There are 2 protein chains.
Amino acid sequence: MTDGQYTKRQKESLKLWIELLRYSNKLEQIIDDKLRQNYGQNISRFDVLSQLARAKPEGLTIGELAGQLIASKGNITGLLDRMQKDGLIEKETKKNDRRSYLVRHTKKGNELFAEMAEKNAQWVETALEDIDIDHMKEFAQFLSKSRNSLD
Amino acid sequence: MTDGQYTKRQKESLKLWIELLRYSNKLEQIIDDKLRQNYGQNISRFDVLSQLARAKPEGLTIGELAGQLIASKGNITGLLDRMQKDGLIEKETKKNDRRSYLVRHTKKGNELFAEMAEKNAQWVETALEDIDIDHMKEFAQFLSKSRNSLD
DNA sequence: TTTATTTATCTTACATGTAAACTATTTTTG
DNA sequence: CAAAAATAGTTTACATGTAAGATAAATAAA
């Protein structure tokens, strides 16, 4: 399959796709490494704690949580089990629906999240320090808008 | 940790970071699903075949290959083992360095890649169809430049 | 040349991601 | 209400990602 068989639009789409993957994966890797080295956590766990931190105080069901997560999608049963074992989250059976239960962060989980979030803001700021703020705004809006058309 | 404790620049960096993760993960997911459903392969395997397709005919060592991969980073031993078992790649011990060996695609692997690449170009084009081509170019250049400053 | 170091890759153990089949419960439909 | 369908989550099996330590070969140093 040579380049000649692709349309101009396909070539540009592929270029953008590759660059997006490269950039995003690299950035994700940088933050993931930092979280692991400094807190023994990874982006999936940070993501879970982040969603629980902004959730209503009684917590979220598995389904609600799964729908909000950015990184991990699939089986979060094991992830939550391990986080519960580490004392970061707790579960409570729902009275009105015995299939379901609520997940919320513990005091320990929330304190850890607060620490990680602060550091994360610094790491991300450093990683993006060469981008001027106007470009950042424009770029973020562009991505947000474009994402809606992916559905 | 409330928003008030972040600087303006940190807030914009975090916004951009989140949007990048959301967009890129979603796009990656769309393509990964398509590859799985249509070819029983995933992005990591597509990535490997893609690098081998553009490599010198004698192939790449594990180290060279690992350095070029976009998606997967860690242990590619198992990935290559499974791909070899599926007849997509082959290995050849290097004569001058017995620690190392060369990996290259088989005929079957390259034919599969050609098919997947063509379909992939169409899927990516469709996913990005709402973005005009000038924005695509600008965006890709921006990402490419910004990525260098991540190192 | 012998020892030490570096390099290339593997092995192990475990965490996470994916798909499909399964269980229990709730809701819908006739 | 009883059967069917939908929902919430789990389980299983396997693929992949990560880190640390091990192995073997090549290279550098004494």
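Numbers restart at 1 for each chain; the letters A, B, ... are given by sequence-line order, proteins then strands. Just so we're clear, the structure is a prediction, and the values are computed from it rather than from any experiment.
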Q: Flag the pair A:F142 / B:H135 as yes when their ring centroid distance falls below 6.0 Å, and as no otherwise.
A: yes

Distance, rounded to the nearest Å, where [X] contributes [atom1] and [N] contributes [atom2]:
| X | N | atom1 | atom2 | answer |
| --- | --- | --- | --- | --- |
| B:Y39 | D:dA15 | OH | P | 21 Å |
| B:I30 | C:dT18 | CD1 | P | 14 Å |
| A:K94 | D:dG9 | NZ | C1' | 13 Å |
| A:I43 | C:dT16 | CD1 | C1' | 13 Å |
| B:N25 | C:dT16 | CG | P | 16 Å |
| B:D32 | C:dT18 | CG | P | 7 Å |
| B:N96 | D:dA24 | CG | C1' | 16 Å |
| B:D47 | D:dA15 | CG | C1' | 16 Å |

Between [X] and [N], does any side-chain N or O lie under 4.0 Å from OP1 or OP2?
| X | N | value |
| --- | --- | --- |
| B:S44 | D:dA15 | no |
| B:N42 | C:dT18 | no |
| B:Q29 | C:dT18 | yes |
| A:R45 | C:dT16 | yes |

**Q.** Test item: A:S13 side-chain N/O and B:V124 main-chain N/O as donor-acceptor pair under 3.5 Å
**A.** no

Q | Contact check, side chains of B:W123 and B:I30, non-hydrogen atoms, under 4.5 Å | A | no

Q. Side-chain contact, heavy-atom cut-off 4.5 Å: A:L80 with A:L65?
A. yes

Q: Starting at the 5' end of nucleotides 3-13 of chain C, put B wherever the base has a protein heavy atom under 4.0 Å, S where only the sugar-phosphate does, and a dash everywhere else.
A: ----BSSSB--

(Q) Between A:G78 and A:R98, which residue's closest nucleotide on DNA chain C lies nearer the 5′ terminus? (A) A:G78

Q) Only one of A:Q37, A:R36, A:Q29 clears side-chain hydrogen bond (donor to acceptor under 3.5 Å, both in side chains) with A:D33; which? A) A:Q29

Q) Can you check salt bridge (charged side-chain N to carboxylate O under 4.0 Å, His left out) on B:K15 and B:E19, steps first, answer last? A) CA-CA 6 Å; B:K15 266 192 206 170; B:E19 288 300 335; over 6 Å; no

Q: Tell me what B:R36 touches on the nucleic acid: a base, only sugar-phosphate, or nothing, going by heavy atoms under 4.0 Å.
A: sugar-phosphate

**Q.** CG-NZ distance between B:L35 and B:K119, expressed to the nearest 0.5 angstrom
**A.** 11.5 Å

